[in-house]
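Sequence lines set the chain letters: A, B, ... in the order given, protein chains first and strands last, and positions in each chain run from 1.
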2 protein chains.
Amino acid sequence: MAVTMNDVARLAGVSLKTVSNVLNDYEFIRPATKQKVLDAIDELGYEANLTARSLRSGKSRMLGLVLSDLSAPYYAELASRLMSVASARGYRVLVEQSAALEENELSALHGPFRQLTDGLLFTPLRLDPDTVAGRRGSKPLVMLGEHIQDPRFDTVTMKNVRAAQAMTAHLLAGGRRRIAVIGASAGDSTGSPGLRLTGYRRALDEAGVGFEPALIVPSEWRRDAGASVVEALLDRAVPFDAVFGLNDALALGAMHELLIRGVKVPQDVAVAGFDDIDEARFASPSLTTVAPGMQEIAERSVGLLIDRIEGKEKSDEGVHVEAGFELRIRSSAP
Amino acid sequence: MAVTMNDVARLAGVSLKTVSNVLNDYEFIRPATKQKVLDAIDELGYEANLTARSLRSGKSRMLGLVLSDLSAPYYAELASRLMSVASARGYRVLVEQSAALEENELSALHGPFRQLTDGLLFTPLRLDPDTVAGRRGSKPLVMLGEHIQDPRFDTVTMKNVRAAQAMTAHLLAGGRRRIAVIGASAGDSTGSPGLRLTGYRRALDEAGVGFEPALIVPSEWRRDAGASVVEALLDRAVPFDAVFGLNDALALGAMHELLIRGVKVPQDVAVAGFDDIDEARFASPSLTTVAPGMQEIAERSVGLLIDRIEGKEKSDEGVHVEAGFELRIRSSAP
DNA sequence: CTGAAAGCGCTTACAG
DNA sequence: CTGAAAGCGCTTACAG
């Protein structure tokens, strides 16, 4: 059997409560008593049982993280940083993949996953705000991303509109006039696709360039899907002189297909992405993209969630954080 | 307060034990009784408290996964699959990043992380076998990878030597004679670098090509490190006509640097990698690499670990699984 | 088949 | 500053 607090108390010749006091850094404790307890802990190799602590205190010091697919590079890099930040504050992160399925998002929101964790970092792709509001339970919840924009929720997001606008302006400044957008539908106005498309349209308006729906192509945000879309565009003979992929994975897939088809990047077609995943820097040609302040997103979201859990953030309304961004101009769209 | 089993028992008019029996699928239970309990559960929206269950039963239905860095693409893809496989068997995965630091590996092996989980999928990069054997505790442990090769441990690994040999033979068959290996030191013979280097040497021997230590360059297995190594090689004017990167990330970084320096791939220098991450297919040129049976590794390792946890695998000795591999011949080394 | 009781290992009022 | 006791919500022998 494992060593318990009782064993420690017995060896140190004190009560259970005193051991608990030492473990929880209670301050009014005689140094000699504390030392006896510490010695006993050391001698027995005692380690607190986190499950028991969790049952009694109602806190697990675990954060939940729900995202669609951990193997998508943006999520992998984000999850890695979230875990590091959480770890520095004494929390672990339990990840759940939703596969972008509504039922999985729902069960992550109010199922057993939820009671295992003290708070949730939630990246829904399907659920609507009212459903989330209805099922959110009483534990803290921080929304990551922009699928749900609702003042009721704490949210950490990025400057999607302005970043996409800046990137489009950059492409226009380079003389591109027929910029295909991959990863959104022409009618989108909400969520990451819609916001980024809005930024694109604003830049077009500012430059006096007409919006052409045929250049807006929906796609999953994956490499293979980006490649397929370019294939279709080329086969349909829609002329375009730039591709703005709404995330890097998709942009890299698109670029791959262009190069295979003998289209020169950036000479014939410039390519830009969004996310600045590590892969973007090392692609050939290296990918021009938007760096959305991932470290800032990680720090602010974990910080906000833990502050809610620990009662340090008490605002009645949702707290809204928008991380900064930078354009990374590289060879694919100089 | 949350709904408890007591509330369910009261509403259903049965004892606690009966509710527990229903929840745990005990078979000898009157259908009518069972229905009453099920109705009460439904009416109250009862959900079992996993922490309490875990404290009492000693099982958390969580698997630990320790790896150096979740943002490395191979680990991200592997973790994603491990989580899916575990989920299908009713387990969650709690991930811990070690940053390839010995102290982190140690604390993951026998610290609080360990008691939270029923078993561990462990990818150590620093610890030696005796240390692991001494601190492994009593819970099941499955080693992933080849840093530790020791009959005492359950291990799931890949055919490193034969795969590297096959890839090297492929490069030799393409007429390459000066194949630089990036990611190992000339003296390595164990661990992933050592085993893959051994395969390389065997292929050289078989072809009667001499081994040249100057062509073996150590490097972290990351894109940026791969790029730096190529920079150094070119600056030192070491002639080479192929690069075998011991993982894909590094190979892709190396390829990027070659292309920037005006070296043609594959005409001047062929490039091959190891892992077949999704990125390899969409690189330009697409990367020739080894597909190490990642899905098989995920299924076998999770399966073995859960079988150990549930007592279905009782072998006294370590079970050893070696997943198959395939060469993926693409444009970077046709 | 079902019930009453003990106990997993902690934390937390409550006394003193 | 410290002790004795209760209780978090389950599961599991033990009776019946």
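A donor-acceptor contact closer than 3.5 angstrom is absent between the side chains of Ser107(B) and Asn104(B). Checking Ser68(B) against Gln97(B) by side-chain atom types alone, no donor-acceptor pair falls below 3.5 Å.
One can place CG of Leu16(A) at 10 Å from C1' of dA4(D), the figure rounded to the nearest angstrom. For the pair Arg30(B) CZ and dG3(C) P, the interatomic distance rounds to 9 Å; values are reported in whole Å. In this structure, Asn6(B) places its CG atom 12 Å from P of dT11(D), rounding to the nearest Å. The CZ atom of Arg10(B) sits 14 Å away from the P atom of dG3(C) (whole-angstrom rounding). Distance Gln115(B) CD to dG9(C) C1': 10 Å, rounded to the nearest Å. Rounding to whole angstrom units, CZ of residue Arg56(A) and C1' of dC8(C) are separated by 14 Å. Following rounding to the nearest Å, Met5(A) (CE) and dT12(C) (C1') show an atom-to-atom distance of 11 Å. The NZ atom of Lys59(A) sits 14 Å away from the C1' atom of dC8(D) (whole-angstrom rounding).
For Tyr46(A), taking side-chain heavy atoms from C-beta onward, the closest of the listed nucleotides dC10(C), dA13(D), dT2(C) is dC10(C). Listed nucleotides dT2(C), dC8(D), dT12(C) differ in distance to Ser57(A); the shortest reach to its side chain belongs to dT12(C). Taking every side-chain heavy atom of Ser15(B) into account, dT2(C) is the closest of dT11(D), dT2(C), dC10(C). Out of dC10(C), dT2(D), dG9(C), the shortest distance to the side chain of Leu55(A) is found at dG9(C).
In this structure, Glu146(B) and Ser192(B) approach most closely via the heavy-atom pair OE2-OG, 2.7 Å.
Contact annotation for Thr18(A): backbone-only contact, meaning every heavy-atom pair under 4.0 Å involves sugar-phosphate atoms and none involves a base. Among the atoms of the strands shown, only primed sugar atoms or phosphate atoms (P, OP1, OP2) are found under 4.0 Å from some heavy atom of Thr33(A).
Between Asn49(B) and Asn21(B), the residue anchored nearer the 5' end of DNA chain D, judged by the nucleotide with its closest heavy atom, is Asn49(B).
Side chain of Lys139(A) to backbone of Leu120(A): no donor-acceptor contact under 3.5 angstrom is found.
Phosphate proximity of dG9(C) to Thr4(A): absent, as no side-chain N or O sits under 4.0 Å from OP1 or OP2.
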